Amino acid sequence: YSGMKIASANNLEIDGLEIRNINYSSDNINGAVIINPSKNEDVENIIFKNLILNNSGNGIILSADAEKSNINNISISDINIRDLLKNALFSLNATNIRIENSEIYNAGHYFNENGVNIIRTNDIKLINNKVHDTGYNGVQIVGYEKSDKEIKNVLIENNTIYNSCQSASFCAALKLYGGKYNNAIVRKNVLKDNIGWSYCQEKTGGKNQAQGLFISNASGITVDSNISLNNTSAGFHVYPRQIEANNNIFTNNLAGNSRIGIDLANGGSAHDADKNAVATRHDDTVIKNNIFLNNGIGLNLDL
């Protein structure tokens with residue numbers, strides 16, 4: 001159930017390794033590469049480069065779920081991750097994660113999972129990657145939701161994410177979810193050709209609700225100089241429901257060939273909507289110097 005497992009080690013470099021055909025089990029943590037430190041243990045300063053990971057349940061799992069465990073400073077570069085039942089990369093409670101110059105594809109179809117799923121992880125850099133053909137979101141970043149804690153220092157730059165939401169609807173190439181963000185920048189990415197099927201058998205007339213960028217219940221995100229094209233819903237979609245989505249900045253983006261270019265939506269009709277969050281849902285949003293090209297609606301503002 002694992003190709004490589006690191007439970008207590010520091011200062012490692014893994015270069016040129018291929019791992020394939022790793023079983024999936026719902027009863028334990030499993031994947032081609034697993035970093036899962038034991039109680040009171042740290043795993044720090046690990047470099048992965050030139051890896052090929054394929055035909056497995058999960059790709060890379062970084063999970064600091066044990067008491068007083070810590071994962072810090074993980075560098076992942078020039079790797080190819082493909083053909084996975086679940087996430088190509090999953091991170092929980094880690095710090096300082098860098099993923100660059102890599103290709104991730106054909107992931108998450110069986111369980112409607114994401115290509116990259118990063119949860120409660122600070123200091124994230126996702127740079128120069130190609131992520132495509134995923135069951136659910138291409139890349140998902142999740143915060144601390146209603147907690148006062150912030151997700152700090154997120155840079156998502158120069159990535160191309162496309163053909164996401166192939167087994168699900170109401171998802172996106174790139175999704176940022178859940179609470180307050182500090183120094184979170186989404187810049188110079190291409191988010192395109194996301195369709196959003198609800199189930200494979202509905203492809204001839206599916207739900208067709210996929211976004212380029214989906215900011216859900218999240219505040220404090222700067223979105224600059226991105227290209228979002230050919231998405232069945234919005235190029236850039238902001239949806240507050242249980243948590244407000246304030247202080248988000250949209251500058252110098254191109255939104256084209258989608259149902260809506262930039263959509264500031266209202267989640268107040270949802271059964272679990274928080275009235276206080278909905279009341280201040282889009283306060284202090286900035287939309288400046290964007291281009292809207294051939295959308296059904298260029299700019300939809302729920303003020």
Side-chain angles (χ1 to χ4, degrees), residues 114 118 136-146 150-151 154 156 161 164-165 168-192 194 196 208-229 231-270 272-293 295-303:
N114 311 283
I118 299 177
Y136 200 49
N137 301 298
V139 175
Q140 176 174 265
I141 311 293
V142 179
Y144 291 96
E145 301 186 47
K146 290 193 173 184
E150 297 177 328
I151 291 293
V154 176
I156 303 172
I161 310 174
S164 302
C165 302
S169 195
F170 302 102
C171 51
L174 173 59
K175 181 177 180 180
L176 288 90
Y177 173 80
K180 300 178 178 66
Y181 286 74
N182 185 343
N183 190 30
I185 299 172
V186 177
R187 181 170 59 205
K188 296 182 180 179
N189 302 282
V190 177
L191 312 170
K192 64 177 184 176
N194 300 289
N208 295 110
Q209 292 284 335
Q211 331 288 344
L213 172 65
F214 187 2
I215 296 177
S216 176
N217 293 326
S219 297
I221 299 161
T222 297
V223 181
D224 179 70
S225 302
N226 300 277
I227 297 173
S228 186
L229 293 172
N231 301 294
T232 53
S233 189
F236 303 90
H237 181 68
V238 186
Y239 185 70
R241 195 173 75 227
Q242 302 96 346
I243 308 168
E244 63 275 4
N246 300 332
N247 299 296
N248 294 309
I249 299 171
F250 297 87
T251 53
N252 308 310
N253 301 287
L254 169 64
N257 299 339
S258 301
R259 191 172 301 168
I260 304 172
I262 294 179
D263 183 21
L264 302 189
N266 181 351
S269 62
D272 55 353
D274 185 303
K275 292 182 179 180
N276 293 324
V278 171
T280 61
R281 54 190 172 269
H282 295 299
D283 285 2
D284 301 312
T285 295
V286 174
I287 300 174
K288 182 178 181 180
N289 292 342
N290 300 280
I291 296 174
F292 304 106
L293 173 68
N295 302 286
I297 300 171
L299 181 59
N300 186 49
L301 299 179
D302 166 51
L303 299 178

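The residues of the chain are indexed from 1 along the displayed sequence. Only this structure's heavy atoms are used, side chains among them; waters, hydrogens and symmetry mates stay out. Quick caveat, the model's predicted, so the values are computed rather than measured.
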Counting N and O atoms only, with roles assigned by atom type, does the side chain of [X] sit under 3.5 Å from a partner on the main chain of [Y], one being a donor and the other an acceptor?
X    : Y    : value
S164 : C171 : no
N248 : I221 : yes
R259 : T232 : yes
N194 : N137 : no
N290 : A255 : no

request  = Say whether T251 and N289, considering side chains only, have a donor N or O and an acceptor N or O under 3.5 Å apart.
outcome  =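 The criterion, which ignores hydrogens and geometry beyond distance, is not satisfied for N289 and T251.
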
Looking at [atom1] of [X] and [atom2] of [Y], how far apart are the two atoms once the value is rounded to the nearest 0.5 Å?
X    : Y    : atom1 : atom2 : answer
Q209 : C165 : CD    : SG    : 10.5 Å
N114 : K175 : CG    : NZ    : 8.0 Å
K288 : N252 : NZ    : CG    : 8.5 Å
L264 : Y239 : CG    : OH    : 13.5 Å
I291 : L254 : CD1   : CG    : 6.0 Å

key: Contacts of Y136 that satisfy ring-ring contact (aromatic ring centres under 6.0 Å, His included) - sequence neighbours left out   =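 Expected list: none.
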
Residue that, paired with Q242, satisfies side-chain hydrogen bond (donor to acceptor under 3.5 Å, both in side chains) out of D272, D274, N276 =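 The option that passes is D272.
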
Could you tell me which non-hydrogen atom of [X] sits nearest to which non-hydrogen atom of [Y], and how far apart they are?
X    : Y    : answer
S219 : N246 : OG-N, 2.7 Å
H282 : A265 : NE2-O, 2.6 Å
V142 : Y181 : C-OH, 3.8 Å
S228 : G212 : OG-CA, 3.5 Å
S233 : S258 : O-CB, 3.5 Å
A172 : F214 : CB-CB, 3.5 Å

Would you say [X] and [Y] make side-chain contact, with heavy atoms under 4.5 Å?
X    : Y    : value
N266 : V278 : yes
E145 : Y177 : yes
T285 : V238 : no
V223 : I215 : yes
D302 : R281 : yes
L213 : N253 : no

ask   = Would I151 and L176 count as a side chain to side chain contact (heavy atoms under 4.5 Å, CB included) if you check the C-alpha gap in whole Å, the side-chain angles of each, and the deciding distance to 0.1 Å?
value = CA-CA 11 Å; I151 291 293; L176 288 90; over 6 Å; no

